[in-house]
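One structure is given below, encoded as structure tokens.
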Number of protein chains: 2
Amino acid sequence: MDLALLLPAGMSVTPAMKERCPLRDTLDRIGDRWTVIVVVLLLPGPRRFTELMRGAEGISQRMLTHTLRGLERDGLLTRTVHATVPPKVEYDLTAPGRALAGPLTELLHWSVRHQESVLAARTAYDADV
Amino acid sequence: MDLALLLPAGMSVTPAMKERCPLRDTLDRIGDRWTVIVVVLLLPGPRRFTELMRGAEGISQRMLTHTLRGLERDGLLTRTVHATVPPKVEYDLTAPGRALAGPLTELLHWSVRHQESVLAARTAYDADV
DNA sequence: CAGAATCCTCCGGGATACTG
DNA sequence: CAGTATCCCGGAGGATTCTG
């Protein structure tokens, strides 16, 4: 796969990129069912576990924990435990995590700009067959 | 999930978006293992089935067919059969499909800009535990 | 409140064989 | 060349139960 067309001006494809494609890595990172939802929920500011639980409708405790761990592991958010009773844990995006807002915005723009044509194409395609 | 923060200037969250989140739709569309790879391979211009097969290293015939069908169904590429012997089939991105280059570029930029910090965070995190 | 542990299901996707 | 048709497996992710 040739990434040259997509690279920032003045940057070239390094050998490392051929080994481990950064675009695929990123899609693996945010391509799952919940990661993007959690990131978007955290954009306005820090949130607690239960708040995220309510915000990400349909998520299970297991997957929320799993998703948060993954983001924490990659340094995209911080996890702060307040030693109170009952416990209080706050999640907050780091700079890299919040920087995801840019690409996600682009993706959303593409979506709203083309979703009508996509839906139309899909309906037409299914009408045949 | 509140998408307002990510919307184009002057656009607001419609009821339809709450029903069927366009961001999630898009991630479902491109979040699988091969779609983005195929799209990137097609950016320079039309390609034949076997060319894509060679370009998308590791893909199976089954999945290439499946991926191409999905993109065709949504009107993101066209499939042109030349009635020759042996058969020749060309795939080409449509305007909406090619427009994915923008968001993908943003995603790639984010990736190259932050992959070092992500990798470092991951290593540090795993060193603990 | 914020999880950890366990069990189970579904399906994305690979391997292989066959064909117009 | 460009597929279709089967079979099959691993892992993402849900449901449930238990705890500091």
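Just so it is clear, the model here is predicted, and its values are computed rather than measured. In the text below, chain A, chain B and the rest are named by the order of the sequence lines, each starting its count at 1.
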ask   = Whole-Å distance between D:dG11 P and A:Asp28 CG?
value = 14 Å

key: Which nucleotide in D:dG13, C:dC1, D:dG3 has an atom nearest any side-chain atom of A:Asp32   = D:dG13

Whole-Å distance separating the NE2 atom of A:His66 from the P atom of C:dA5 = 14 Å

task = Determine, for B:Asp92 against B:Arg98, whether the closest basic-nitrogen to carboxylate-oxygen distance falls under 4.0 angstrom.
result = yes

message = Please confirm whether the shortest side-chain N or O distance from B:Thr50 to OP1 or OP2 of D:dA2 is below 4.0 Å.
response = yes

ask   = Do B:Tyr91 and B:Arg79 meet the criterion of a side-chain donor-acceptor pair at a distance under 3.5 Å?
value = yes

ask   = Reckon A:Tyr91 has a side-chain N or O less than 4.0 Å from the OP1 or OP2 of C:dC1?
value = no

message = Assuming nearest nucleotide by heavy-atom distance, tell me which of B:Arg69 and A:Gly58 is located more 5' along DNA chain D.
response = B:Arg69

message = Side chain of A:Pro87, heavy atoms from C-beta onward: which of D:dG13, C:dG13, C:dC1 has the nearest atom to it?
response = C:dC1

note = Among the nucleotides D:dC1, C:dG3, D:dG13, whichever has the atom closest to the side chain of B:Arg48 is D:dC1

query = C:dG13 base to B:Arg62 side chain: any donor-acceptor pair below 3.5 Å?
reply = yes

ask   = Pick the nucleotide of DNA chain C nearest each of A:Thr65 and A:Pro86; which residue has the one closer to the 5' end?
value = A:Pro86

ask   = Do the side-chain N and O atoms of B:Asp32 and B:Thr35 include a donor-acceptor pair separated by under 3.5 angstrom?
value = yes

key: Minimum-distance nucleotide (side-chain atoms of A:Trp34 versus D:dG13, C:dG14, D:dG3)   = D:dG13

query = Starting at CE of B:Met63 and ending at P of C:dT16, how long is that distance when rounded to a whole Å?
reply = 17 Å

remark   = In whole angstroms, the gap separating P of D:dC1 from CG of B:Leu52 amounts to 14 Å

task = Look at B:Asp28 together with B:Arg24 and state whether they make a salt bridge at an N to O cut-off of under 4.0 Å.
result = yes

message = From CD of B:Glu51 over to P of D:dG3, roughly how many Å is that when rounded to an integer?
response = 13 Å

task = Give the nucleotide from the list D:dA5, C:dA17, C:dG3 with an atom nearest to the side chain of B:Gln61.
result = C:dA17

request  = Return the value, rounded to whole Å, for the distance between atom CD of A:Glu72 and atom C1' of C:dA2.
outcome  = 13 Å

key: Whole-Å gap separating P (C:dG3) and NE2 (A:His82)   = 13 Å

note = Rounded to whole Å, CE of A:Met53 lies from C1' of D:dG13 at a distance of 13 Å

query = Is the backbone N or O of B:Thr26 less than 3.5 Å from a side-chain atom of A:Ser111, with the two atoms forming a donor-acceptor pair by type?
reply = no

